[in-house]
Amino acid sequence: MIEKIKAFEEIARQLEPNAPIRKGVRKKVIDYTEDFLDNIYSLKAYEQTDDQGKGLFDSPINDVTIDIEEAIQIIFENVDTQGLNPASGGHLGYIPGGGIYYSALADYMAAITNRYAGIFFASQGAVRMENLLIKWMANIVGYDEAASGNLTTGGSLANLIAIVTARDAHNIKAKDIEKTVIYLSEQAHHSVEKAIRIAGMNECQKRFLPMDERYRIKPDALEEYIKQDLSDGLKPWLVIAAAGTTDVGAVDPLDKIGTIANEYNLWFHVDGAYGGFFALTDEGKTILKGIEKSDSVIMDPHKSLFLPYGLGVVLIKDKKHLYHAHHYFANYMQDTLKNADELSPADLSPELTKHYRSLRLWLPLKLHGVAPFRAALEEKLLLAKYFYDKIKTTKGFEVLIAPQLSVIIFRYIPKSGDANAFNERIIQEIHKDGRIFFSSTTINGNYMLRLAILSFRTHLETVDLALQIINEKVALLNLKP
Ligand SMILES: *Cc1c(COP(=O)(O)O)cnc(C)c1O
């Protein structure tokens, strides 16, 4: 037996490369990422290719090894030069990504030390770091010491945790579901409705509230609907508003909705995945006034704090509801209950074993301070106004509404022919070009162009380039019949 163990050990020890080998591999990885960063301002924001990364399948997973150079080549050809480049400042579509550097280093450190971030007993420091960040973010939205929350992989999971917490806080049981009512708008992000469905609440009555001309919920309508539902013997329990809709960047009137929610004892959830961190700025604070009246908020550091993908946050005003909906006890974990002076993430979310993901937010905040994040968000708000002013006064263009945060919706009206078809061709030309990327949406049956400014690498020169490219493409299409 000993011989067998030794034989396996010899092979298994390949999993622990020695220092010189680590150094060699690390250097290649660093060279590759440095090369990427050195060129990031000239790399395309979007690349259309025919093979779409299929080359990955030519290198199946088995006992055959390749060296790091070959591995990097595969990644380069099949992943990093295909489709959207979210690290590019030219990414002005959907909700732009980011990828600030110190988060990458934090992920590297977290993966090597591999602290167990789910339970206080296992890593007091990792849990305290998460809870410290939760406190900082709770403070940004105006919650007090009673608040808690959880660092998730993104906004969708954060929405799910909030919906489940709301459901249990209102003690809604399966047999009551059909009689309960949720209020939201057509502009609510689809992850909210997905969360409602996953939470087993799809049979709730859903009231889609009318919106004003800027695509914001009309609070008076909310109150009328609630009164009607109450008099019909139904149970209103949840209202969902957006701090920045994905489609047009609209912020619902949070203050008024909050007042109504409190009066009728509804859980008030705010989806701030895109816009929540604008509360760091003075203008954003004014726009988001009333967010502190909510019972839960979600925000996405991988959107409006420019982090690489993989970090969302849910905040719950009263931590007991979050704990009540998610804690669990298992016999094999009895030792973990002693001396816990912080709540453990495992008791506040569906996850048990948890990535030490707090470090990817903590490290950049500590090394940069908050000021550059705030400035970048102020800059985005102004860039959106700048683009809006320019495009509004460019001949032939029509703008839907003034931006409330950093999304602008516009289209070109051709002298003749179908406007929808023309704007679709503009998008196709932009995607073929690839220097910048933006997306489209359909509003009231009209095909609209949609620019979202949120990358920390998007600056005045990027927006000027976008304007130049849009004008180029329109001129080109006007020449081609
Ligand atoms: C992006 C987004 C979500 C979903 O968040 P993910 O991080 O993509 O899971 C939810 N709501 C809004 C308003 C968003 O913009």
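In each ligand, atom 1 is the first atom listed, and ligand 1 is the first ligand listed.
Between Tyr94 and Phe437, the distance separating the two ring centers is shorter than 6.0 angstrom.
Among all non-hydrogen protein atoms, the one lying nearest atom 6 (P) of ligand 1 is Gly155 N, 3.3 Å. Looking from atom 11 (N) of ligand 1 to the surrounding protein, the closest heavy atom is Asp271 OD2, 2.6 Å. If you check which protein heavy atom lies closest to atom 13 (C) of ligand 1, you get Thr246 OG1, 3.3 Å.
Contacts between Ser156 and ligand 1 below 4.0 angstrom, taking non-hydrogen atoms only, involve backbone and side chain alike.
Under 4.0 Å is where a charged nitrogen must lie from a carboxylate oxygen, and between Asp433 and Arg435 at least one such pair does. Between Glu429 and Lys432, at least one side-chain N (NZ, or NE/NH1/NH2) sits under 4.0 Å from a carboxylate O, which counts as a salt bridge.
Thr165 and His321 form no side-chain donor-acceptor contact under 3.5 Å, judged by distance and modelled atom types alone. Counting only N and O atoms by type, the side chains of Lys317 and Ser294 include no donor and acceptor under 3.5 Å apart. Side-chain atoms of Tyr274 and Ser406 include a donor-acceptor pair closer than 3.5 Å.
For atom 2 (C) of ligand 1, the choice among His189, Gln187, Lys303 with the nearest heavy atom turns out to be Lys303. For the residues Asp300, Thr245, Asn159, the heavy atom positioned nearest atom 5 (O) of ligand 1 is part of Asp300. In this comparison of Gly310, Gly249, Ser191, Ala188, the heavy atom closest to atom 10 (C) of ligand 1 sits on Ser191.
Close approach to Tyr274 involves these atoms of ligand 1, each under 4.0 Å from a residue heavy atom: 15 (O). Of all the atoms in ligand 1, the ones that sit under 4.0 Å from a non-hydrogen atom of Ala273 are 2 (C), 3 (C), 10 (C), 11 (N), 12 (C), 14 (C). Interface of Gly244 with ligand 1, defined as ligand atoms under 4.0 Å from a residue heavy atom, comprises 13 (C).
Looking at Lys227 and Tyr264, their side chains come closer than 4.5 Å, going by heavy atoms from C-beta outward.
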